[in-house]
Amino acid sequence: MRIDKFLKVSRILKRRTLAQQACEKGKVIVNGKDVKPAHRIKVGDEVELQFTGGSLKFRILQIKETVKKDEAQSLYEIIQ
């Protein structure tokens with residue numbers, strides 16, 4: 001699955017276009033490297049999403065095409 005789609009499906013970001021813009025601006029880092037929106041992710045990848053006020057680091061636990069709102073957090077675990 002593409003990183004931009006994962007960020008939307010997991011509800012970390014609200015819209016896929018926001019995820020694409022974040023990737024293009026270098027605010028999404030997977031396993032220590034800046035990535036483009038089409039970057040393919042896999043289970044176990046560590047992702048860092050940089051915001052103006054800080055950053056969010058998480059590890060991908062599952063990849064699913066669609067999930068219900070209350071199941072979205074089961075796709076990743078936050079790490080610090």
Side-chain angles (χ1 to χ4, degrees):
M1 177 182 288
R2 294 167 51 120
I3 185 67
D4 60 339
K5 184 171 182 181
F6 180 83
L7 291 171
K8 189 245 183 229
V9 169
S10 64
R11 290 174 171 78
I12 293 171
L13 293 175
K14 283 188 174 188
R15 294 188 313 271
R16 192 164 173 181
T17 53
L18 280 177
Q20 289 170 340
Q21 290 170 356
C23 290
E24 290 165 0
K25 291 180 181 178
K27 297 185 182 278
V28 180
I29 300 166
V30 178
N31 297 329
K33 297 180 183 176
D34 288 352
V35 295
K36 297 187 185 252
H39 179 79
R40 294 279 173 191
I41 55 158
K42 58 189 179 305
V43 173
D45 281 351
E46 291 187 7
V47 181
E48 182 176 355
L49 187 58
Q50 298 174 337
F51 297 103
T52 306
S55 66
L56 171 69
K57 273 188 165 182
F58 60 92
R59 182 177 299 116
I60 297 172
L61 300 177
Q62 302 179 60
I63 297 175
K64 293 184 180 179
E65 291 294 319
T66 58
V67 291
K68 294 181 180 172
K69 184 178 181 180
D70 35 334
E71 296 174 3
Q73 284 191 322
S74 69
L75 299 180
Y76 62 93
E77 70 174 342
I78 296 175
I79 54 178
Q80 294 296 339

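Scope of the values below: all heavy atoms of this structure, side chains included, with no hydrogens, waters or symmetry mates.
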- Query: What heavy-atom pair brings K36 and C23 nearest, and what distance separates the two atoms?
  - Reply: C-CB, 3.9 Å

- Message: Are the side chains of V30 and H39 in contact, using a 4.5 Å heavy-atom criterion?
- Response: yes

- Task: Please check if I29 and I41 belong to a single hydrophobic cluster, counting links between Ile, Leu, Val, Met, Phe, Trp and Tyr side chain heavy atoms closer than 4.5 Å.
- Result: no

- Using 30° and 60° as the class limits, which term best fits the ring planes of F58 and F6: parallel, tilted or perpendicular? parallel

- Message: Assess whether a salt bridge exists between K5 and E65, defined as any Lys/Arg side-chain N lying under 4.0 Å from an Asp/Glu carboxylate O.
- Response: yes

- Query: Does some side-chain heavy atom of E48 sit less than 4.5 Å from a side-chain heavy atom of S55?
  - Reply: yes

- Query: In terms of hydrophobic clusters joined by side-chain contacts under 4.5 Å, are M1 and V28 together?
  - Reply: yes

- What is the distance from atom CD of Q50 to atom NZ of K27, rounded to the nearest 0.5 Å? 7.0 Å

- Message: The test is side-chain contact (heavy atoms from CB on, under 4.5 Å); show your working for K64 and L75 and say whether it passes.
- Response: CA-CA 8 Å; K64 293 184 180 179; L75 299 180; 4.2 Å; yes

- Message: In this structure, would L56 and I3 fall into the same cluster of hydrophobic residues linked by side-chain contacts under 4.5 Å?
- Response: yes

- Task: Taking only Lys NZ, Arg NE, NH1 and NH2, and the carboxylate oxygens of Asp or Glu, determine whether D4 and R2 approach each other closer than 4.0 Å.
- Result: yes

- Task: Find out if a path of hydrophobic residues (ILVMFWY) with successive side-chain heavy-atom gaps under 4.5 Å connects L18 to V47.
- Result: no

- Item | Atom pair OH (Y76) and CG (L61), whose distance is rounded to the nearest 0.5 Å | 10.0 Å

- Item | Heavy-atom closest contact (D45 atom, R40 atom, distance) | OD2-O, 4.4 Å

- Do you reckon I79 sits in the same ILVMFWY cluster as F51, going by side-chain contacts under 4.5 Å, direct or chained? no

- Message: With a sphere of 6.0 Å drawn around CZ of R11, does it hold more than 12 non-hydrogen atoms of other residues, nucleotides or ligands?
- Response: yes

- Task: Considering non-hydrogen atoms only, spot the tightest contact between A72 and S10 and give its length.
- Result: CB-O, 3.5 Å

- Query: Looking only at heavy atoms, which two atoms of L49 and I12 are closest? And how far apart?
  - Reply: CD2-CG2, 3.7 Å

